[in-house]
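Everything on this sheet refers to the single structure shown next.
Everything numeric here is computed off the predicted structure, so don't read it as measured data. Chain A is the first sequence line, chain B the second, and so forth, proteins listed ahead of strands; every chain is numbered from 1.
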Amino acid sequence: MSNGGSYDPHAVEPEIYRFWEQGGYFHATPNPAKPPYVIDIPLPNVTGALHLGHALNNTLQDILIRRARMRGFETLWMPGTDHAGIATQAVVEKRLKEEQNLTRHELGREGLVRKIWEWKEEYGSRILQQLRRMGCSCDWERTRFTLDEVCARAVYEVFFQWFKAGLIYRGLRLVNWDAHLQTAVADDEIIHETVKGHLWHYRYPILPDEPAEPSTVLARAVAPEAKPGVDYLVIATTRPETMLGDTAVAVHPDDPRYKHLVGRHCLLPLMNRPIPIIADAELVNPEFGTGCVKVTPAHDPNDYAFSQRHSEARPINILTPDGKINENGGPYAGLDRYAARTKVVADLEALGLMEKVEDYETEIGHSDRSKTPIEPMLSEQWFVKMGDLAETAMEAVRDGRVRFFPERYAKTYLDWLGEKRDWCISRQLWWGHRIPVWHARLRVRDAERRAAGQRVSDWPQRLVADFRTALERYGAAAGCASDFWVEMAADDPSACFVCARSEKARQELAGIESRVHRARNVGLFGNDPPRAVEIAIGDPRHGPDQAVRGLLLQFEQDPDVLDTWFSSALWPFSTLGWPHEEGARGQGVKRSSDGAPSAPRPLGPSAPSPADLDYFYPTTVLVTAREIITLWVARMVLTGLHFTGRVPFSHVYIHPNIQDGQGRRMSKSLGNGVDPLDIIELYGTDALRFTMAQMATETQDARMPVKRTKLPDGREINTSDRFEPARNFCNKLWQAATGFILPNLTVAADGPSADPSRDREGAVRTPDSEVRRSAHGGTPSPDTEVRRHMDARPLRAENLAIEDRWILSRLGACIREADRCFERYQISDVADTLRTFFWGDFCDWYLELVKPRLYDSADSQGARASDSPPSQGGVGGGSGFAPADGGHPPVVLPERGDCDSAAVARQVLAWVLDQSLRLLHPLMPFVTEALWKKLGEAAPRRGLTETRDAEPALIAAAWPDAATYTRDAAVEREMAALQDVIRALRDTLARINTSRAAAKTPAIGKLPHAIIRADNETAAGLRRQRTVLLRLGRCERLEIGADVAKPAESATQVLAGGVEVYVPLAGLMDLATERQRLQKERDTLRGHIERLTGKLANEDFVARAPAAVVEQERARLAEMRARYTTLERNLADLDD
RNA sequence: GGGCGUUUAGCUCAGUUGGCUAGAGCGCAUCCUUCACACGGAUGAGGUCACAGGUUCGAGUCCUGUAACGCCCACCA
């Protein structure tokens, strides 16, 4: 059997995933008998397709979730997608343009939003389907979308509460404007690129103290005798068109060149506007350029900050939303900003003001989405005040309620929050949660105005108060009394903002909006001024009895939507149905329970209950990459603390980013991305996952060399050799189980002789295909029907051979180490630990050691063994097989070939495989689950000191408990000695064959004769392992003893503990090579001895190093010296 | 410019609180199609731990500096 038995992931994976999903293993419900373990998925964009970063991120989450499930936690992995404002709208807009040649403006807001929903319904679940292929055990029944009803309710509740508390405000701020998409872009969505540009130097004429005509001033500034600092100032800029919005020139307060000019004015050329010369140490670096800075507060962040410090330099916005010069740009109005730049430069030149133009490289911010240059622009936006919110979030990390793994990332978090920059939450988009605020413009009725007489100053306040009262009454009648909140606008006494909390309240406001709209339309046909809606008339329900003081001239919902991160910031509790309080409950949920929602928004499949929130919040750990520590992690902590009083998670596990072989980001534009689905196709899901686990080190980046390859279907894809080791490991696991362990557990019911599939040695050879067929629940072949499964019986220490005790000791160590790494989120170490144990200890050694017991016994079937239980009987304690006192009792080995020995071996094999599958399951869920089924059929009852029926599904089986295994140092030492001897024998054989190949003589398969010299005790131990030594050491004849003679012309090896291995070389190989090897070995050894001797001769070392270290070094030196002597002697013997 | 990280075998990476004769996988070399596995087994070669100082009995590990690379954040008219 060769390739035919290789693991074929595609034959296994879909079926296994179905088995889990149909078994309901992914679904979590509050269960008081278990502690909860919860992970929120870092929301992929609905537009997203799975990339390698997702593969890593989700593999790690699934690993943690699966292990927690096995450890008895009620595990919830909350899946969902993010509506991803700009990204999604851009995708659909692009399609719209391509397919129907329509812009969003032509389609209109409602039409576009409907289109996006349609798109979302069709393609939005793609990434979740891909996660299923990765084996992710998310609770799909709870899948949420940031725009669905459940999430929306939380969004509006949070907005309302913050708005009411004054934490959300409207402010004029400089935002990063994407003129192409016509939206503000977050700082984090900007990529800076170096662009070749120019630095223009030109003159601003200085205005004389006495009044003067602009033309005079200009003429003086360009006159041949004009002097800088007297008649003009030279400024330099990379963006000359912004001068149209200049409102000051800044100089450094200590700059002797300009000190005398502070307080005077320049003439802004082209606009002919006087602008002040202001001293400012922060903005101006006197060393740079001319030391004069033109100030454009509306279009430059630093200048904006400057204008905050100097009120005389008020910002003037010169741009329209689509990047043209607006009416403030005088003659340039209507020009595109780049056309304006050319014209401004030309005009300055024509005026003779241009001094020089230099080539210049500068970093320009580009929108990550549209790839067009960002224009800093002043506009009205909604903000969240970060001060206190940020402070609470910082405190949670400082006091350890939230811990980062690796720890260093706490710094990123704290540094960012420490800046306490207010969070701009409005986006000029149509796709997202619409800001639940209506802009109202009020006017006092003429009758009221007359009645109020001269006291006009408090009209606005009284009007807003009236409006508030009117809305409250209105709300009370409509059943949403506490769902409105009115705030006055800061900059306009006749304006105010109305925020709505519930869906009902929003509908009512929309109703008012449409009435105002209608009224105004009516007004267009009537007299001037247009009629408006009287504030108190609202609804016939409350009668016409109010005193009507004011009119609602304008009432419109804010056109913007919320920043995508606003809804994701609430994810940990919004998905669990927060807020559950009656007062805050919106109309949406009630409608959902009736079925038939009327809104286009689809409801989540199951609405969470208050019990869900109580039980599953806070979550356990957040697994993510470092770039969203600020965007997402910090904001979740801040909202969680503010609205639930508790941190949303206690651990944040930050994993590396995957780069290509050259350390570059994987990206579409570079074409160096690896598609996880291609890898699944090529290598299988488990190989992908295991590789991901191995890459999850504590570094910030992990590299994956990428290469092109052609698939059988002709597609060219990117892949990497990095996946091969994991693929090989999957296969190793599969081969060891299906090719060796399982066939040797099952035995024919009617005895060995009747079974044609048994070979000469009595081992059971089951064709792999049969095992597969039977394990997969297909029609059992006649052969498998007569096959009996293994029986397990309680074992005692005396039943066990040394290799049994050794592998169990190693298994215990492996579990302990894996647990330790898991606690620290060192997943790559978990992967290495498990791989080393299974491949290195279990397959390379234990399976080989146990073969003689299985093959060489005449009646090595479990049926016989189970018929004659051992006389000792009884169940050993649960504490393993190592002696409690740490001593080393004699290992009484049954004779090789003893039937008990074979039965015990089978039981240990089944058990170690059982435990290994459990340990590997979180990393490689598919192969392990598939093998678990097979193992369940071959050995339905398993265990060591106690036996019990195996759990039906590995996904829900118990995680191994390290406490049931005691480390047996003595047995591990003894095994190490045995392994040393075997390696020595193999090494000698390999050297002989290498030398024979060089001499063109045929290789020998075995060593004809070998002699092992060791002290009496060791020799006795080795003699008991004679069968093993002959087999694994590949020799035909073996002498073991304390005083065996070394034959002349022998290869010699000196091992730890003074054990020596001799192999007579006469006729096998030439002695010169052997002599060379020994000399080389002796020389290295001499080097070590010299260094160590020097160290021990150092009095400081002996005096200051810990005694144990000194002792250890002395022992090592003694050992080396002994080896050295033996080596010398062996060399001398060779020379004889 | 600020912060963080990386630099160890040809490649990708481990190396916990300093005790190291520096490890793994891949690749390489040699042998083995022997009976679970060639997606395998066995054996071996391969490293002045980026550089320069310092602390220490002892430094791959701690400190300082330098260089290269990378990531994040902020940005200079």
Scan A:Arg835 against the nucleic acid and name what it touches under 4.0 Å (heavy atoms): base, sugar-phosphate only, or nothing. sugar-phosphate
Nucleotide nearest A:Asn728 (side chain, heavy atoms from C-beta), chosen from B:rU21, B:rG40, B:rG41: B:rG40
Span that lies between the C1' atom of B:rC69 and that of B:rC28, in whole angstrom: 28 Å
Taking B:rA36, B:rU21, B:rU6 as options, the one with an atom nearest any side-chain atom of A:Thr699 is B:rU6
Whole angstrom is fine here: how far is it from CG in A:Leu414 over to P in B:rC4? 13 Å
side-chain contact (heavy atoms from CB on, under 4.5 Å) between A:Leu931 and A:Leu935, worked out: CA-CA 6 Å; A:Leu931 290 174; A:Leu935 179 60; 6.0 Å; no
Between B:rA38 and B:rU30 - C1' atom distance, rounded Å: 16 Å
C1' gap between B:rG27 and B:rG47, integer Å: 16 Å
A:Glu848 side chain, from C-beta outward: closest of B:rU30, B:rG5, B:rA36: B:rA36
Could you tell me whether A:Arg727 contacts a base, only the sugar-phosphate backbone, or nothing, with contacts defined as non-hydrogen atoms closer than 4.0 Å? base
B:rC11 pairs with, by Watson-Crick or G-U criteria that keep both distances under 3.5 Å: B:rG25
Picking from B:rC39, B:rC13, B:rG19, which would you name as closest to the side chain of A:Thr697? B:rC13
Examine A:Lys851 relative to A:Phe740 and say whether NZ or CZ is less than 6.0 Å from the centre of the six-membered ring and inside a 45° cone about the ring axis. yes
Checking all strands, does A:Asn657 fall into the base, sugar-phosphate, or nothing category for heavy-atom contacts under 4.0 angstrom? nothing
Non-hydrogen atoms of A:Ala248 and A:Ala313 that approach each other most closely: CB-CB, 3.9 Å
Would you say A:Lys851 reaches B:rA36's phosphate, i.e. side-chain N/O to OP1/OP2 under 4.0 Å? yes
Return the value, rounded to whole Å, for the distance between atom OH of A:Tyr413 and atom P of B:rC73. 17 Å
Checking contacts here: which listed nucleotide (B:rA36, B:rC26, B:rA14) is nearest the side-chain heavy atoms of A:Pro725? B:rC26
Length of the line joining A:Ile658:CD1 and B:rC71:P, which is rounded to integer Å: 15 Å
Classify A:Trp839 by what it touches in the nucleic acid, base, sugar-phosphate, or nothing, heavy-atom distance under 4.0 Å. sugar-phosphate
Please classify the nucleic acid contact of A:Asp721 as base, sugar-phosphate, or nothing, using heavy-atom distances under 4.0 Å. nothing
Comparing nearest nucleotides in RNA chain B, the 5'-proximal residue of the pair A:Val1102, A:Glu724 is A:Glu724
Does A:Arg722 put a side-chain nitrogen or oxygen below 4.0 Å from OP1 or OP2 of B:rC26? no
Assigned partner base of B:rC71, Watson-Crick or wobble definition, under 3.5 Å: B:rG3
Only one of A:Glu1074, A:Arg1034, A:Gln1053, A:Arg983 clears side chain to side chain donor-acceptor pair (under 3.5 Å) with A:Thr988; which? A:Gln1053
Distance check needed: B:rA45 P versus A:Arg1077 CZ, whole Å only. 10 Å
What's A:Cys843 touching, base or sugar-phosphate or nothing? Going by heavy atoms closer than 4.0 Å. base
In the strands shown, is B:rG47 matched to any nucleotide by a Watson-Crick or G-U wobble pair with both distances under 3.5 Å, and which? none
The nucleotide from B:rG5, B:rU16, B:rA77 with an atom nearest the side chain of A:Arg820 is B:rU16
Here the distance between atom P of B:rC75 and atom CG of A:Asp303, to the nearest Å, is 12 Å
Looking at A:Trp845, does the NZ or CZ of A:Arg1031 lie under 6.0 angstrom from its six-membered ring centre and within 45 degrees of the ring axis? no
A:Tyr1124 and A:Arg1086: side chain donor to acceptor below 3.5 Å: yes
Distance between P atoms of B:rC26 and B:rA22 (Å, rounded): 22 Å
Look through every strand shown and name the nucleotide pairing with B:rA42 as Watson-Crick or G-U wobble, where both distances are under 3.5 Å. B:rU30
What's the gap between B:rC13 and B:rG19 when it is taken at their C1' atoms, as a whole Å value? 24 Å
Closest listed nucleotide, where the reference is the side chain of A:Gln1112 and the choices are B:rC39, B:rA77, B:rC20: B:rC20
Re B:rU61: Watson-Crick or G-U wobble partner, both distances kept under 3.5 Å, found to be none
Rounded off to whole Å, could you give me the CZ-to-C1' distance for the A:Phe723 and B:rG25 pair? 15 Å
Taking any strand in view, what nucleotide pairs with B:rU56 in a Watson-Crick or G-U wobble way, both distances under 3.5 Å? none
Any A:Asn302 side-chain N or O less than 4.0 Å from OP1/OP2 of B:rC76: yes
Please report the distance separating the P of B:rC11 from the corresponding atom of B:rC75, rounded so that it comes out in whole Å. 39 Å
Should A:Lys732 be listed as having a side-chain N or O under 4.0 Å from OP1 or OP2 of B:rG41? yes
I'd like the C1' distance from B:rU55 over to B:rA67, given in whole Å. 23 Å
Would you call the rings of A:Phe729 and A:Phe690 parallel, tilted or perpendicular, where under 30° means parallel and over 60° means perpendicular? tilted
Nearest to the side chain of A:Lys411 - B:rG3, B:rG70, B:rG41? B:rG3
OP1 or OP2 of B:rC72 less than 4.0 angstrom from a side-chain nitrogen or oxygen of A:Trp416, does that happen here? no
Verify the distance criterion only: is there a donor paired with an acceptor across the side chains of A:Glu627 and A:Asn657 at less than 3.5 Å? yes
What contact category does A:Met704 fall into here, base, sugar-phosphate, or nothing, at under 4.0 angstrom with non-hydrogen atoms? nothing
On a whole-Å scale, what distance lies between the P atoms belonging to B:rG41 and B:rC51? 36 Å
May I have the distance from A:Lys1095 (atom NZ) to B:rG18 (atom C1'), rounded to whole angstrom? 11 Å
Which one, B:rA42, B:rA77, B:rU34, comes nearest to the side chain of A:Arg1034? B:rU34
Closest nucleotide among B:rC76, B:rC4, B:rU21 to the A:His1088 side chain: B:rU21
Under the criterion side chain to side chain contact (heavy atoms under 4.5 Å, CB included), which of A:Leu733, A:Thr836, A:Val912 is the partner of A:Phe842? A:Val912
